[in-house]
Structure formats: C-alpha cells, structure tokens
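Inspection log for the structure reproduced underneath, given as structure tokens.
Because the structure is predicted, anything quoted here is derived from the model rather than measured. Numbers here are sequence positions counted from 1.
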Amino acid sequence: MKAVIYARYSSDNQREESIEGQIRECTAFAEKNGVTVLRHYIDRAFSAKTDNRPEFQNMVKDSGRRLFDMVIVWKLDRFARNRYDSARYKATLKKNGVKVVSATEVISDGAEGIILESVLEGYAEYYSADLSEKVVRGMTENALKSKYNGGTLPIGYMIDSEQYFQLDPLTAPFVLEAFQRYAEGATMKEIRDYLNQQGVKNTRGQPLTYNSIQHLLNNRRYIGEYTYRDIVVSEGIPAIVPQDLFDRVQEKLAKNKKAPARHKAEDDYLLTTKLFCGYCGAYLCGESGTSHTGNTHRYYKCVSVKKKRQECRKKSVRKEWIEDLVVDETMKMVMDDKAIEAIVSMLMELQDRENVNLPLYEQQLREADIAIQNLLNAIQQGILTKSTKGRLEELEATKEELETRIACEKLAKPKVSAEFMTFWLHRFRKLDVRQKAYRKMLIDTFINAIFLYDDKMVITFNYKEGTDTITFDDLKATPAAGKTGSDLDYLTAPKERHAEKRVFPFAFLREEAIGSACGTPWG
C-alpha cells in the first residue's frame with residue numbers, strides 16, 4: 001500500500017508543533033501497518049468547514065493520477081468538518097481508488113464502522129457549529145459593551161486590563177495631526193513621510209505605508225464609533241478626531257478619488273529592463289515630455305545620456321514605434337510552426353534533463369521487469385533452484401521500491417506533455433496585441449533582450465543562442481509632424497530583415513508558468 005498524509009490546523013494562534021504531532025502519529029500508523037508514505041499535504045491556518053484549502057485540493061487532484069491508495073489523517077475532523085464535504089470528497093477519492101484512514105480512530109471495515117464514521121463526522125460538524133455559535137455569542141456581548149474583540153488595533157489606541165479602548169498618549173496626537181494636515185492640503189505621501197520621520201509604527205512595528213495612511217483617514221473609530229458585524233455603537237470608544245474635521249477629510253478623500261492622479265504614469269513602458277543601448281550597453285529607460293502644443297511624447301532614452309555618466313551617441317527612440325516593431329517581430333516567430341516545434345522539442349529535452357532521477361528509475365524498472373520475466377520463463381521450463389527463488393524475491397522487492405520512487409517523483413513534480421506545451425504556445429497566436437496586457441505578456445514570455453543602434457536592432461529571444469537582426473535602411477523615413485526628439489520617428493514597419501541563426505531552448509519556462517496560462521483570458 002502507498003499513502004499520503006494530510007495534516008491541517010485551523011488558526012494562526014496554533015503552532016507548527018500541531019502539524020508535527022499529526023505527522024508523527026500518522027507516520028507511526030503507516031509504519032505499523034506496512035504502508036509506504038509518498039508525501040505530505042499540509043494546510044496551515046485553514047478551517048475544515050470549507051473545502052477552499054490549497055493542499056487539500058492538490059491532494060484530491062493528485063489522487064486522479066492513481067499513484068497512492070490511501071490518505072492518512074490524524075483524525076477525521078482534519079479531513080472535513082461538515083458531512084457534505086466529507087461525503088463528496090471521499091466519493092471522489094473512492095472513485096480514484098483511494099481510501100481515507102484515521103490514524104487515531106479505530107474504525108472497522110464492516111457495517112458498524114460505517115455507523116461509527118458517520119457519528120464521528122456528525123460530532124465534528126456539531127462541535128464546529130457549536131463552537132462558532134459560542135464564539136459569536138461571546139464577541140457580540142463584548143461588542144455591546146464596546147470591548148476589544150481582537151484584530152488589528154488602530155494607531156492611537158491601547159487596550160486596558162478590562163479590554164476597553166483607551167487613548168494612547170504617545171500616538172493619538174499624531175493621528176489628529178494626520179487628519180489636520182490632510183484637511184489643510186497635504187498629500188497622503190507627505191503625511192506618511194512625516195509620521196515615519198516621527199517614528200510612528202504600525203501595530204506590527206513596521207514603517208507606515210501609503211495604504212496605512214489611506215486606511216487611517218477612513219477609519220470611523222477615530223470619531224468614537226465602535227462596530228462589530230451589524231452592531232454600531234456611537235461614542236462607544238474615546239474619540240481622537242472631531243466630527244467636523246473627520247467629515248471635511250471624507251469630502252476631500254471623495255473629491256481626490258475622482259480627480260486624476262498627480263504623478264501617475266499614463267502609459268507603461270513595455271520594454272523596460274529588456275531594451276539596451278547597442279553602443280554602451282546601458283538600459284534605455286522610459287521618458288516623457290510635453291511639447292509647446294500640449295501633446296505628450298514618450299521615448300526610450302539611454303541611461304548614460306540621461307544621467308551623463310559617459311559619452312554615448314545613442315539618440316532617443318519613440319516608444320510606440322519601437323514597441324510595435326518588437327511585438328511584430330515576436331508574433332512572426334510565434335506564427336512559425338517550425339519555431340513552435342523547435343521550442344516544444346527543447347522544452348521536453350530540458351524537462352527530462354532537469355529531472356535526472358525519474359528517467360533513471362524508469363529505466364531500472366524496465367530492466368527489473370525484463371529480469372523478472374526471464375526468471376519466470378526459466379521456472380516454467382523447470383529450472384528452479386534456491387538461488388532462482390532468492391533472485392526472484394530480490395527483483396520483486398527492487399521493482400516495488402522503484403515503483404514507489406517513481407510515484408514520489410511524479411507527485412513532487414508533474415511532467416507536462418508535448419501536446420499541452422504546443423497547445424499553450426499556440427494560444428499566443430490568438431492574442432489581441434492591441435491590448436497592453438497581452439503585448440506585455442508576449443514580450444515578457446519570449447523576449448530576453450534587445451540591443452538598439454541607430455541603424456538596426458538585435459533581438460535575443462529567451463534562447464541561449466541565436467539572434468534576429470532588423471536593419472532600418474529600408475524603412476520609409478517619413479517623420480510624423482511634431483514628432484521631435486526621436487531618430488526613429490517612422491510610420492511603417494521594416495520591409496526586410498537580415499536574420500541570423502535561431503535556436504529555441506526556452507530555459508526560463510517551467511510548468512508553473514505553463515499551468516498558470518490556463519487561467520488567462522485568451523480567446
């Protein structure tokens with residue numbers, strides 16, 4: 001029998017020792033019963049009242065590969081705490097030939113075992129519901145008395161020995177100062193910087209962030225309002241901010257929310273960190289400027305020129321033109337069937353090369369099977385000695401061990417098929433490259449670096465060898481009106497290109513990236 005262990009604890013208050021104890025008892029149960037454990041699935045701080053548990057779902061999914069026969073849990077309430085989820089997922093596991101076993105609850109396989117298991121599951125659900133009701137009832141009583149119910153404590157408050165809110169004399173004045181400064185025109189960034197300079201920390205002892213200030217200015221507890229679920233108690237806690245000041249701040253927050261951001265970038269520079277100067281090797285960074293006509297122009301500019309670090313003759317290049325050209329060249333490669341086939345071939349080779357153990361174990365298993373078959377043929381022909389029998393038992397044990405190792409390797413890192421890789425890569429052909437998100441996805445996936453000169457650009461895709469050189473000699477040099485500050489201000493794509501050898505060993509691509517592509521909204 002081959003098994004996996006599932007362990008779980010519900011609350012952040014519980015410690016890792018809870019998991020260690022479960023694993024220890026489940027492992028002891030497996031050893032006692034001669035069961036081989038392949039791997040552990042562990043969910044930390046997840047309630048069993050829901051099935052939305054990552055490792056639990058991975059375990060159920062992996063059962064479909066039929067690599068293990070049993071799921072061992074410390075107690076049945078680790079698996080689920082409601083009868084619907086328990087029945088549903090046990091049925092799924094049973095369909096895949098997997099049984100759920102409790103390491104500490106003795107449940108027989110007969111009719112009485114079915115009754116006992118149902119009672120245990122029903123009690124687990126009752127205990128969970130009853131505990132939840134008691135907790136909610138106790139917290140509701142606290143709320144009616146405006147007592148602290150747990151959670152993150154707002155800056156400016158402290159909790160006394162009777163669990164009531166009290167003003168913190170050290171931080172409460174800074175909260176009031178933050179409201180006053182915002183009402184007088186200060187930005188959230190300025191308030192954040194001011195409070196950090198004064199040494200004000202959040203409840204975790206970390207410096208304040210922009211989001212911290214935003215939450216602070218919206219927090220109604222600062223006017224004394226206590227809330228819990230549907231309970232609202234006015235003047236339930238000491239107020240730090242006067243009502244009229246709080247109202248002015250809320251009006252200003254609403255007004256600023258609708259206004260355009262002061263320093264928000266209006267466009268993303270998709271080639272950032274991938275575009276390099278062909279002359280000095282420095283990055284080309286995004287830069288924008290406004291002409292006398294009020295139009296905004298965006299360029300990529302060599303960092304060496306921008307910061308005057310060294311002499312470099314590279315001129316700025318217009319953002320839209322160079323990005324369109326790179327996307328166009330990348331799509332040509334994506335539409336090439338031979339290129340896709342080469343990529344898939346390289347990926348399959350890389351995948352096999354990365355997992356050196358699995359091919360070795362599979363080869364050894366084939367050799368063991370052949371040796372066993374040869375011995376069986378010899379036995380059928382009447383050749384049976386003590387050494388033959390001993391060798392057969394040795395080979396059977398080796399085969400079982402290799403099957404266990406292969407199952408462990410496959411569970412640890414699933415292998416992606418060539419068909420799925422081809423399917424995934426073909427989906428890039430359906431991208432609407434007019435949409436910024438898809439243009440970025442295309443560039444991030446296939447482009448490694450671009451070296452830009454005044455007369456050509458050299459693209460290196462995410463391969464270890466090979467480049468694609470595009471010259472600008474045959475482009476129509478028709479500068480658009482008002483397009484100043486760029487040496488590549490053209491309106492057409494290149495007519496010809498001089499391509500060097502291309503190789504496609506996508507060394508960066510992993511099954512995590514391939515798997516996540518299934519969730520992308522492609523056509």
Does the side chain of [X] reach to within under 4.5 Å of the side chain of [Y], using non-hydrogen atoms?
X	Y	result
Met188	Leu253	yes
Met59	Val4	yes
Val175	Phe179	yes
Phe68	Asp62	yes
Tyr228	Leu144	no
Tyr222	Leu176	no
Lys99	Asp69	no
Val334	Arg427	no

### Message
Which residue in the set Thr92, Val98, Val71 passes side-chain contact (heavy atoms from CB on, under 4.5 Å) when paired with Val60?
### Response
Thr92
Quick one: pull up [atom1] in [X] and [atom2] in [Y] and give me the separation to the nearest 0.5 Å.
X	Y	atom1	atom2	result
Glu403	Thr36	CD	OG1	11.0 Å
Ile240	Asn219	CD1	CG	9.0 Å
Glu362	Arg405	CD	CZ	14.0 Å
Leu93	Ser63	CG	OG	4.5 Å
Phe446	Met331	CZ	CE	9.0 Å
Ser345	Met421	OG	CE	10.5 Å

### Query
Leu67 and Lys2: side-chain contact (heavy atoms from CB on, under 4.5 Å), yes or no, with the steps?
CA-CA 8 Å; Leu67 297 175; Lys2 298 179 180 64; over 6 Å; no
Side-chain ([X]) to main-chain ([Y]) donor-acceptor, under 3.5 angstrom:
X	Y	value
Thr460	Ala449	yes
Asn196	Leu208	yes
Glu31	Ala28	no
Asp168	Leu170	yes

Flag if over 12 foreign heavy atoms under 6.0 Å of [atom1], [X]:
X	atom1	result
Lys201	NZ	yes
Gln57	CD	yes
Gln250	CD	yes
Gln435	CD	yes

### Query
Among His40, Glu55, Arg53, which residue meets the side chain to side chain donor-acceptor pair (under 3.5 Å) test with Tyr6?
Arg53
### Query
Relative to each other, are the rings of Tyr157 and Phe165 parallel, tilted or perpendicular (30° and 60° limits)?
perpendicular
### Task
Apply the test side-chain contact (heavy atoms from CB on, under 4.5 Å) to residues Ile155 and Phe174: give CA-CA distance (whole Å), side-chain angles for both, the deciding distance (0.1 Å), then the verdict.
CA-CA 9 Å; Ile155 299 170; Phe174 289 113; over 6 Å; no
Which heavy atom in [X] sits nearest to a heavy atom in [Y], and how many Å separate them?
X	Y	value
Ile223	Ala239	C-CB, 3.6 Å
Ile72	Ala3	CD1-CB, 3.9 Å
Gln22	Trp74	CG-CB, 3.8 Å
Lys274	Ile447	NZ-O, 2.8 Å
Arg44	Ile42	NH1-CG2, 3.5 Å
Ile340	Leu425	CD1-CB, 4.0 Å

Basic-acidic side-chain contact under 4.0 Å: [X], [Y]:
X	Y	value
Arg24	Glu20	no
Arg429	Asp337	yes
Arg221	Glu225	no

### Task
Could you walk me through whether Tyr148 and Tyr164 pass side-chain contact (heavy atoms from CB on, under 4.5 Å), step by step?
CA-CA 6 Å; Tyr148 177 59; Tyr164 285 103; over 6 Å; no
### Task
Determine, step by step, whether Leu402 and Thr404 satisfy the side-chain contact (heavy atoms from CB on, under 4.5 Å) criterion, reporting the C-alpha distance in whole Å, the side-chain angles of both residues, the deciding distance to 0.1 Å, and the verdict.
CA-CA 5 Å; Leu402 288 170; Thr404 299; over 6 Å; no
### Task
Determine which pairs satisfy salt bridge (Lys or Arg N to Asp or Glu O under 4.0 Å) with at least one residue from residues 366-376, sequence neighbours left out, and list them in order.
Asp369-Lys399
### Message
Could you work out, with side-chain hydrogen bond (donor to acceptor under 3.5 Å, both in side chains) as the rule, every residue matching Thr209, not counting sequence neighbours?
### Response
Ser212
### Centroid separation Phe56 to Phe79 less than 6.0 Å
yes
#### Entry: Polar contact flag, side-chain donor to acceptor under 3.5 angstrom, Tyr9-Asp43
no
